**Q** 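Mind having a look at this structure? Questions to follow.
Just follow the structure's listing: the first ligand is 1, and inside any ligand the first atom is 1. For this chain, numbers begin at 1 and follow the sequence in order. Fair warning: this is a prediction, and the values are worked out from it, not measured in the lab.
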Amino acid sequence: MSGPVAGTETDAAGWHARAEQLAFPTEAFVDGREVSSVEGTTRPTVDPATGRVLAHVAECGDKDVDAAVRAARAAFERGDWSRAHPRERKAVLLRLASLVEAHTAELALLDSLDAGKLISDTTAIDVPGSAAILAWYAESVDKVYGEVAPTAPTDLALISREPLGVVGAVVPWNYPLEMAVWKLAPALAAGNSVVLKPAEESPLSALRLARLASEAGLPDGVLNVVPGDGPTAGRALGLHPDVDVLTFTGSTAVGKLFLTYAGQSNMKQVWLECGGKSANVVFADTADLDAAADGVCAGIFTNQGQVCSANSRLLVERTVKDALLERVVERARAIVVGDPLDPRTTMGPLVSAEHADRVVDLVESGAAESRTVLGGGGVAGAPSTCFVQPTIFDDVPYDARIAREEVFGPVLAVFAFDDEDEAVRAANDTPYGLAASVWSDSLSRAHRVARRLRAGTVSVNTVDALDVTTPFGGFGQSGFGRDLSLHALDKFTALKTTWVAHG
Ligand code: NAD
């Protein structure tokens, strides 16, 4: 999308003025109503760009999660959503998509303030992307058919999809609105009820979305939002005996906990979208090294590197390494780190001081284990400690921490390779397997290498190719769920066989 979005500001002063007037949603949303947490507890939500407390948001615990699950179950049993005519579900979700679009500036500001995301991204990517995904799943509702099995002519076996019931969704902070929508759009389209737990760092847009869903005509109890911390509210949802399916996006360590929670409770289905350490493999037969350099920078510096599929490892054929690195460094130097509400800024703060500390710690380990090409830590004089410089390390040993651990920050590790086998081996040498990129002007090589890379999405001559029409998810410890596309509906439906022996 290009140019300003209707109803949005065009400069920092305009956005700050608008932010001053913004009303923050602070209550949980259960059974169609705004409610305080049962214990009355709240949690401050902080703007990482300034350290300012934006609002005190209801902090849900076990009892709140239980109330939300009961409301979701009651709505499911009532059937005014789960058994509604497909055209009715489609109409409500299309209205919600339109409302999201109509509230672009407000929702974009909520995510930018809450998570430090660039306003230029939230207005152009997060909010319009969320509206488009809602509309796409709305349109799917009356177009997905069942099957008839090829049984004997005396029988009729129908294979249909049924909603599973209550879906628990636990999401991270890097794309607060979009991650929530990736889960709830297909879950609601399929007729389920949802209890959504946003990340503690970024609850505001999800709370606003729930109110917009009500306005769009979603019946009470079908979408509930319970802000709260992971080890309390997230755990309660994971362990709840009346949640049928738990869909999660977040770190691999927490994803593993959800598998345990399911085993300890009701064997609910668990779908995991977890971390990554994606490789960007650039071969010397890439004619357009400028395009490759643009891709390398977009792959690691977008959203401050806080992207699950971030191309945090650059594997480049030795003969073009210097030429490519020179271009990458030139672009990285041009990055403008600063106020995320200024549309001219190209890199904002990380989501929190704790997360920035973790990233700086990894940067220090990178400096000790390899050669620093650019950057190297925090930003002196910044208004908060959440700002980290774009950082590039070269000559990184394959066993260095920055070669193996997900940094989730603007930190690129560079490695040289000499042939195709070595490149594939190095790219696949990770417990993760979310995404990878290949750059080559040889059609044969591009296909051959793409086939050998163990990743849910392989982008050729681009990075992080992604669309609502294609499934997104990982191999290995990046998880096994698939978001987006019609395949996402598999997670939220059960196949039912109805066998009629008619003789
Ligand atoms: P996180 O795992 O710390 O938190 C994710 C969610 O889990 C949050 O809502 C959090 O409150 C909850 N949680 C935390 N501890 C919990 C516990 N003990 N029990 C239950 N719930 C708990 O991840 P994060 O820091 O919010 O996000 C960053 C991670 O998300 C990165 O690893 C990134 O790769 C991953 N991610 C993956 C994808 C994907 O599609 N594969 C997309 C975006 C982000």
**Q** Within less than 4.0 angstrom of ligand 1, does Y175 place any heavy atom?
**A** no
**Q** Please list the nearest protein heavy atom to atom 40 (O) of ligand 1 with its residue and the distance rounded to 0.1 Å.
**A** F472 CE2, 3.3 Å
**Q** Starting from atom 27 (O) of ligand 1, what is the nearest protein heavy atom, named by residue and atom, and what distance separates them?
**A** P172 CB, 3.3 Å
**Q** Is ligand 1 less than 4.0 angstrom away from at least one heavy atom of A199?
**A** yes
**Q** For the residue pair D339 / T345, report whether a side-chain donor-acceptor contact shorter than 3.5 Å exists.
**A** no
**Q** Please assess R33 against D220 for the test salt bridge (charged side-chain N to carboxylate O under 4.0 Å, His left out), listing each intermediate value before the final yes or no.
**A** CA-CA 8 Å; R33 282 176 302 124; D220 291 351; over 6 Å; no
**Q** Nearest 0.5 Å, please: how far is CD in E106 from CG in L204?
**A** 10.5 Å
**Q** Counting both backbone and side chain atoms, is some N or O of C274 under 3.5 Å from an N or O of ligand 1?
**A** yes
**Q** Can G474 be said to touch ligand 1, with heavy atoms closer than 4.0 Å?
**A** no
**Q** Within ligand 1, which atoms have a heavy atom of L257 less than 4.0 Å away?
**A** 17 (C), 18 (N)
**Q** So, regarding Y261 and ligand 1 (criterion: nitrogen or oxygen to nitrogen or oxygen, under 3.5 Å), is there a contact or not?
**A** yes
**Q** Using a distance threshold of 4.0 Å (strictly less than), state whether atom 11 (O) of ligand 1 has a protein heavy-atom neighbour.
**A** yes
**Q** For a quick check under 3.5 Å, do S384 and T50 share a side-chain donor-acceptor pair by atom type?
**A** no
**Q** Identify the closest protein heavy atom to atom 39 (C) of ligand 1: which residue and atom is it, and at what distance?
**A** C308 SG, 3.3 Å
**Q** Any idea how F248 and F258 line up, ring-wise: parallel (<30°), tilted (30 to 60°), or perpendicular (>60°)?
**A** tilted
**Q** Under 3.5 Å, is there a donor-acceptor pair between the T430 and K277 side chains?
**A** no
**Q** May I ask whether G479 has any heavy atom positioned less than 4.0 angstrom from an atom of ligand 1?
**A** no
**Q** Give a yes or no answer on whether the side chain of T252 reaches the backbone of C274 with a donor-acceptor pair at less than 3.5 Å.
**A** no
**Q** Starting from atom 25 (O) of ligand 1, which protein heavy atom do you reach first, and at what distance in Å?
**A** W173 NE1, 2.9 Å
**Q** May I ask you to identify, for E406, whether its side chain, its backbone, both or neither come under 4.0 Å of ligand 1 on a heavy-atom basis?
**A** side chain
**Q** Would one find an N or O of T249, backbone or side chain, under 3.5 Å from an N or O of ligand 1?
**A** no
**Q** Are K256 and Y261 in a cation-pi contact, defined as NZ or CZ under 6.0 Å from the six-membered ring centre and within 45° of the axis?
**A** no
**Q** Out of all atoms in ligand 1, which are within 4.0 Å of some heavy atom of F258? Include the element for each.
**A** 20 (C), 21 (N)
**Q** Quick test: of every protein heavy atom, which one is nearest to atom 43 (C) of ligand 1, and how far off is it to 0.1 Å?
**A** N174 ND2, 3.2 Å
**Q** Do me a favour and list the nearest non-hydrogen protein atom to atom 28 (C) of ligand 1 with residue, atom name and distance?
**A** F408 CE2, 3.5 Å
**Q** Starting from atom 13 (N) of ligand 1, what is the nearest protein heavy atom, named by residue and atom, and what distance separates them?
**A** G230 CA, 3.3 Å
**Q** Checking the N or O distance criterion of under 3.5 Å, is ligand 1 in contact with E200?
**A** yes
**Q** Got an N/O contact under 3.5 Å between D483 and ligand 1?
**A** no
**Q** Are the aromatic rings of F472 and W182 close, with centres under 6.0 Å apart?
**A** yes
**Q** Mind checking whether S251 has an N or O less than 3.5 Å away from an N or O of ligand 1?
**A** yes
**Q** What I want to check is whether the side chains of T470 and D467 have a donor and an acceptor closer together than 3.5 Å.
**A** no
**Q** Identify the protein heavy atom lying closest to atom 9 (O) of ligand 1, giving its residue, its atom name and the separation to 0.1 Å.
**A** V171 O, 2.8 Å
